[in-house]
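Each residue takes its place number in the sequence, starting with 1.
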Amino acid sequence: MADEAKAKGNAAFLAGRFEEAARHFTDAIALAPGNHILYSNRSAALASLHRYSDALADAQKTVELKPDWAKGYSRLGAAHLGLGDAASAVAAYEKGLALEPSNDGLKAGLEDAKKAAAPPPRRGPSGPDGIGQMFQGPELWSKIASDPNTRAYLSEPDFMQMLREVQRNPSSISTYLSDPRMMQVLSLMLNVKIQRPEASESSQSTPPPQQQQQQTPPPETKAREVEPEPEPEPMDLTDEEKERKERKAAAQKEKELGNAAYKKKDFETAIQHYTKALELDDEDISYLTNRTAVYIEMGKYDECIKDCDKAVERGRELRADFKMISRALTRKGTALVKLAKTSKDFDIAIETFQKALTEHRNPDTLKKLNEAERAKKELEQQEYYDPKLADEEREKGNEFFKEQKYPEAIKHYTESLRRNPKDPRVYSNRAASYTKLGAMPEGLKDAEKCLELDPTFTKGYTRKGAIQFFMKEYDKAMETYQAGLKHDPNNQELLDGVRRCIEQINKANRGEISQDELQERQNKAMQDPEIQNILTDPIMRQVLNDFQENPRAAQEHLKNPGVMQKIQKLVSAGIVQMR
């Protein structure tokens, strides 16, 4: 009876039905609890289901029953590695190799375990996450505790929660930059004195807590999931099982021949081999998905779609890997895109890609979905394109703008752009309407699109500069006005814009703006990737440090045009102040 249950478990394992295999091996163990091979086989099945704790228990039982059997240590190592305990996995594989030095499976497992045990390579911070990365490591806590300006923050629960969130997710730093305490700690970590409003009296009067030693745990390393070996250890197969195994092996050979033919672009031969593989083994949908790829290359999209539907249906019957189901749906979506003639034809392709992503979020599928959505939108625009009607809608928008009915104006400008998306005048007009309604981000986007379509369109520069000025981004507004003057040097609107920006920047340098306005400008500046890159640049950090500690060296730095430009950028943004 135990052998019968074992044979059923073997067959289920070979077919990839690991849950069923584990049940049969459990039945066999109940009848023969001293058989170490049964525990080994069930450990493999449980590991295939990623139930590594249960797999470890069975592996330990295997080793207990048969301590001189190398295979048991292979199961033990795989379970440890699945649980993320790479050190224990290394020890297990080494014990197995001591018993059987030539065992390739143990050698490969040991190599994987050693790789998992090795520390990940350190990467320096870069880009927008660079500032957040400075909050990693135990030195953060000692720096805060040793500085009298920040020591008190360690007793404030909300601030501690913010710090831990930044350590978990460095990019979240931008969420907390409006908090003066976070700006103070950032100044400490950068070793740069960032000009900021004075701390509140309540913060100054809070008595410093005793210094606490805190240790930040290293990032948790996700252990690589280790697949079990193809089949359980030595087992007696029935004639039926042997024949099934032979047919599967023959099907795999046909698949390999099909792959080779596909690479040579001998598509007809590839189809023949994949078809033969399907005849030998209908429990592996990869033969179908491979054939769909060939049909796409041959331009036989209808045949591809039929095979994809078969693969999805059969895959669900077999409880195939969700990645395989996703692959079949992605191939179907690709074929549907190839067949699309109108914008509406893309709808079913987009829906198919979305279904594929619910099975497995594959980057290639996501890329194909985005491309299909873009193609649909472009085709819709082509189908809707009518310059004459676009001009009529623009004139209607102009009339409403004159009447100060800005929402109505935006509606007609939008319709005009649907009819003709390449008219920079309409983007400029709609930007003006958004500005009147206080919708600055939308207005800025339209102004930038206007200049993208026509870089010589002067009105686009005045629109963009005005919006940036209203958003108190004076340095950016001045750059925009100056760019416009290159095309129209005598334009009075642009000249007035430059003058207004210079006045505002000078007021900030003289300290003539309120602390609230300064804080607002600093918060916006810290969101700017260019500002972030300047502050995380090691050379610029040294320059800023010299400004505070070594004024003579700082003057030498200013002779470098590139450094001077970056310093001016920080000054204009209100991050540092030069007197």
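Scanning both residues, Ala251 and Leu280, for their nearest heavy atoms gives N-CD1, 3.7 Å. Considering every non-hydrogen atom in both Ala5 and Asp27, the closest pair reads CB-CB, 4.2 Å. Across Gly258 and Ala270, no two heavy atoms sit closer than the pair O-CB, 3.5 Å. Taking all atoms of both residues into account, the shortest heavy-atom contact from Asn35 to Ile37 is OD1-N, 3.0 Å. Listed here is the closest heavy atom pair of Ala349 and Gly333: CB-O, 3.9 Å. Nearest heavy atoms, Asp284 versus Ser286: OD1-OG, 2.7 Å.
With rounding to the nearest 0.5 angstrom, the NE2 atom of His24 is 4.0 Å from the CD atom of Glu20. Rounded to the nearest 0.5 angstrom, Gln532 CD and Ile534 CD1 are separated by 10.5 Å. With rounding to the nearest 0.5 Å, the separation of CG in Asp302 from CG in Leu339 is 5.5 Å. One finds the CG atom of Asp266 at 8.0 Å from the CD atom of Gln272 (value rounded to the nearest 0.5 Å). Rounding to the nearest 0.5 angstrom, the gap separating the CD1 atom in Ile305 from the CD1 atom in Ile348 is 7.5 Å. Separating the SG atom in Cys308 from the CD atom in Glu313 is a distance of 13.0 Å, to the nearest 0.5 Å.
A donor-acceptor pair shorter than 3.5 Å cannot be found between the side chains of Ser40 and Lys71. The closest side-chain donor-acceptor pair between Thr289 and Arg331, if any, does not fall under 3.5 angstrom. In the model, Thr62 has no side-chain atom that pairs as donor or acceptor with a side-chain atom of Arg75 under 3.5 Å.
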Would you sort out whether Tyr287 and Gln252 count as a side-chain hydrogen bond (donor to acceptor under 3.5 Å, both in side chains), showing the intermediate values? CA-CA 9 Å; Tyr287 310 138; Gln252 283 294 323; 3.1 Å; yes
Trace of the salt bridge (charged side-chain N to carboxylate O under 4.0 Å, His left out) decision for Glu378 with Arg374: CA-CA 6 Å; Glu378 289 174 0; Arg374 244 187 336 263; 5.3 Å; no
Apply side chain to side chain contact (heavy atoms under 4.5 Å, CB included) to Arg314 and Ile285, showing your working. CA-CA 7 Å; Arg314 185 63 175 143; Ile285 65 170; 4.1 Å; yes
Before giving the answer on side chain to side chain contact (heavy atoms under 4.5 Å, CB included), spell out for Leu46 and Arg42 the whole-Å C-alpha distance, their side-chain angles and the decisive distance to 0.1 Å. CA-CA 6 Å; Leu46 293 169; Arg42 189 170 69 176; 4.0 Å; yes
Trace of the side chain to side chain contact (heavy atoms under 4.5 Å, CB included) decision for Glu268 with Met298: CA-CA 9 Å; Glu268 291 291 350; Met298 297 174 73; 3.2 Å; yes
Could you walk me through whether Asp54 and Arg51 pass the salt bridge (charged side-chain N to carboxylate O under 4.0 Å, His left out) check? CA-CA 6 Å; Asp54 296 333; Arg51 291 165 54 184; 3.4 Å; yes
Side chain to side chain contact (heavy atoms under 4.5 Å, CB included) between Val337 and Phe346: does it pass, once the steps are laid out? CA-CA 6 Å; Val337 166; Phe346 279 93; 4.0 Å; yes
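The closest donor-acceptor contact from the side chain of Asp321 to the backbone of Met324 lies at 3.5 Å or more, if one exists at all. Here the side chain of Tyr274 pairs a donor or acceptor atom with the backbone of Asn259 at under 3.5 angstrom. Ser43 places a side-chain N or O within 3.5 Å of a backbone atom of Ala55 that can act as its donor or acceptor partner. With hydrogens and angles disregarded, a donor-acceptor distance shorter than 3.5 Å links the side chain of Ser326 to the backbone of Ala356. The backbone N or O of Ala22 lies less than 3.5 Å from a partner atom in the side chain of Thr26, making a donor-acceptor pair. Within the 3.5 Å criterion, the main-chain N or O of Tyr295 finds no donor-acceptor partner in the side chain of Tyr301. Looking at Tyr39, its side chain does come within 3.5 Å of a backbone N or O of Pro33 through a donor-acceptor pair.
Taking the six-membered ring where tryptophan is involved, the planes of Phe18 and Phe13 are perpendicular, since the angle between them exceeds 60° and thus also 30°. Classified by interplanar angle (parallel below 30°, tilted 30° to 60°, perpendicular above 60°), the ring pair His360/Phe322 is tilted.
Between Arg291 and Leu278 the shortest side-chain heavy-atom distance falls below 4.5 Å. In this structure, Leu110 and Lys107 have side chains that are not in contact, with every pair of non-hydrogen atoms separated by 4.5 Å or more. Using a 4.5 Å heavy-atom threshold, the side chains of Arg17 and Arg319 count as separate. At a threshold of 4.5 Å between non-hydrogen side-chain atoms, the residues Asp364 and Lys368 count as touching. Contact of the Arg541 side chain with the Asn545 side chain is not registered, since no non-hydrogen atoms from C-beta on lie closer than 4.5 Å. Looking at Asp537 and Lys566, their side chains come closer than 4.5 Å, going by heavy atoms from C-beta outward. Looking only at side-chain heavy atoms (C-beta outward), Leu97 and Tyr73 stay at 4.5 Å or farther from each other. A 4.5 Å side-chain heavy-atom check between Thr334 and Thr292 finds every atom pair outside the cut-off.
With respect to Glu246 and Lys242, no salt bridge is recorded, no charged nitrogen being found less than 4.0 Å from a carboxylate O. The residues Lys355 and Glu351 are annotated as salt-bridged, a charged nitrogen and a carboxylate oxygen being separated by less than 4.0 angstrom. Between Asp179 and Arg181 there is a salt bridge, with a side-chain nitrogen of the basic residue lying less than 4.0 Å from a carboxylate oxygen of the acidic one. Of the charged side-chain nitrogens involved, at least one lies within less than 4.0 Å of a carboxylate oxygen, so that Lys248 and Glu283 count as a salt-bridged pair.
Dense packing is recorded around CG of Leu31, with more than 12 heavy atoms of other residues, nucleotides or ligands lying under 6.0 Å away. Environment of CD1 in Ile296: crowded, with over 12 heavy atoms of neighbouring residues, nucleotides or ligands closer than 6.0 Å. More than 12 heavy atoms of other shown residues, nucleotides or ligands fall within 6.0 angstrom of atom CD in Glu373.
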